There are 2 protein chains.
Amino acid sequence: MRKEKDEPYCAVDFAFQRIGGKYRGRILWYLHLHQVLRYGELKRLLKGITTKMLTQTLRELEQDEMVNRKVYLEVPPKVEYSLTANAKELIPLINELREWADRRIMENPRAGTKMPC
Amino acid sequence: MRKEKDEPYCAVDFAFQRIGGKYRGRILWYLHLHQVLRYGELKRLLKGITTKMLTQTLRELEQDEMVNRKVYLEVPPKVEYSLTANAKELIPLINELREWADRRIMENPRAGTKMPC
DNA sequence: CAGTATCCCTGGAGATACTG
DNA sequence: CAGTATCTCCAGGGATACTG
């Protein structure tokens with residue numbers, strides 16, 4: 001049974017509930033980079049994610065109108081995921097967050113190297 | 001004992017680890033709105049937060065160089081929190097996330113009203 | 001291929017009491 | 001005032017097996 005999120009206290013809260021969580025950011029970013037991805041392709045990109053978490057996160061993103069899910073009635077099955085218009089509005093922001101993070105990573109002597117996405 | 005965060009997989013991950021979490025976004029936003037806030041003021045703004053979570057989150061933000069902690073050696077004690085330069089770079093982005101969220105909230109017939117922060 | 005269905009465990013978070 | 005210190009709980013997430 002799907003748990004309801006806590007009522008967000010304010011818009012900042014609301015935003016972070018939609019993009020926060022362990023995999024949401026990367027899923028949105030990969031869908032942006034590739035335009036459209038199949039379930040298995042996403043699973044390969046999100047190395048180590050379990051099917052349970054991937055399916056669950058995709059379903060939540062779908063309910064939040066952040067991703068489209070397109071099912072092809074073929075054998076073997078084929079399902080494609082893509083960003084909705086709502087989510088696309090966020091891409092420039094996520095990109096700037098990514099650049100901010102890259103700067104923090106470069107500043108840090110320990111890390112010293114950019115992390116590819 | 002402080003648990004280490006999972007190694008972020010990429011910069012997008014890194015960014016969300018720094019601004020994600022239940023209260024981080026709002027703390028950064030409130031510190032932006034008020035410039036400087038005392039512990040008790042933050043606690044009042046984050047209605048319902050426990051001292052444990054507030055202290056813990058502030059310490060993490062401090063370690064991540066997102067907030068400054070200034071202690072006044074007075075009785076009664078006085079501690080002031082403010083944003084670091086690193087965190088201030090994020091404010092325009094958080095503000096745009098907030099505006100994005102406001103648009104989503106207004107679109108939704110159920111909600112229909114902006115949420116103040 | 002794209003998922004379900006279970007079982008299980010941990011750590012994020014709440015409640016409460018106490019202190020320099 | 002600005003925190004510590006404990007105890008507790010539960011849901012987010014992992015591992016594994018199975019299926020249309």
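Proteins come first, then strands; the chains are lettered A, B, ... in the order of their sequence lines, and each starts at number 1. Owing to the predicted nature of the structure, the values given are computational and were not obtained by experimental measurement.
Between the side chain of B:Thr51 and the base of D:dT4, at least one donor-acceptor pair of N or O atoms lies under 3.5 Å. With hydrogens and angles left out, the side chain of A:Thr50 and the base of D:dT16 share no donor-acceptor pair within 3.5 Å. On a pure distance criterion of 3.5 Å, a polar donor-acceptor pair joins the side chain of B:Lys52 and the base of C:dA13.
Side-chain contact annotation: A:Thr51 with A:Tyr39, donor-acceptor N/O pair under 3.5 Å absent.
If A:Pro76 and A:Thr55 are placed on DNA chain C by their nearest nucleotide, the residue sitting closer to the 5' end is A:Pro76.
At least one side-chain nitrogen or oxygen of A:Arg59 sits closer than 4.0 Å to the OP1 or OP2 atom of C:dT4. Residue A:Tyr81 has a polar side-chain atom (N or O) positioned under 4.0 Å from OP1 or OP2 of C:dG3. For D:dA2, neither phosphate oxygen OP1 nor OP2 lies less than 4.0 angstrom from any side-chain nitrogen or oxygen of B:Arg69. Taking 4.0 angstrom as the limit, A:Arg38 places none of its side-chain polar atoms (N or O) nearer than this to OP1 or OP2 of C:dC1. Under 4.0 angstrom from either OP1 or OP2 of C:dG14 there lies at least one side-chain N or O belonging to B:Lys22.
When the P atom of D:dC1 is taken as reference, atom CD of B:Glu74 falls 13 Å away, rounded to whole Å. The CD1-C1' distance, from B:Ile49 to C:dG14, rounds to 11 Å in whole Å. One can place CG of A:Leu58 at 14 Å from C1' of C:dC1, the figure rounded to the nearest angstrom. Rounded to a whole Å, the CE atom of A:Met53 is 16 Å from the C1' atom of C:dA5. In this structure, CZ of B:Arg44 is placed 13 Å from P of D:dG3, rounded to the nearest angstrom. Atom CD in B:Glu41 sits roughly 12 Å away from atom C1' in D:dA2 (whole-Å rounding). We find that CG of A:Leu37 is positioned 11 Å from P of C:dA2, with the value rounded to whole Å. In this structure, the CD atom of B:Gln56 is 13 Å from the P atom of D:dA5, given to the nearest Å.
If you check C:dA13 for Watson-Crick or wobble pairing at under 3.5 angstrom, you find it paired to D:dT8. With a cut-off of 3.5 Å on both pairing distances, the Watson-Crick or G-U wobble partner of C:dG20 is D:dC1.
With A:Phe14 as the aromatic partner, A:Arg18 meets the cation-pi criteria of under 6.0 angstrom to the ring centre and within 45 degrees of the ring axis.
Looking only at side-chain heavy atoms (C-beta outward), A:Asn108 and A:Arg104 stay at 4.5 Å or farther from each other. Looking only at side-chain heavy atoms (C-beta outward), A:Glu96 and B:Glu96 come within less than 4.5 Å of each other.
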TODO: Report the C-alpha separation of A:Lys47 and B:Tyr9 in whole Å, then their side-chain angles, then the decisive distance to 0.1 Å, and conclude whether the side chain to side chain contact (heavy atoms under 4.5 Å, CB included) test is met.
DONE: CA-CA 9 Å; A:Lys47 196 173 312 227; B:Tyr9 180 78; 4.2 Å; yes
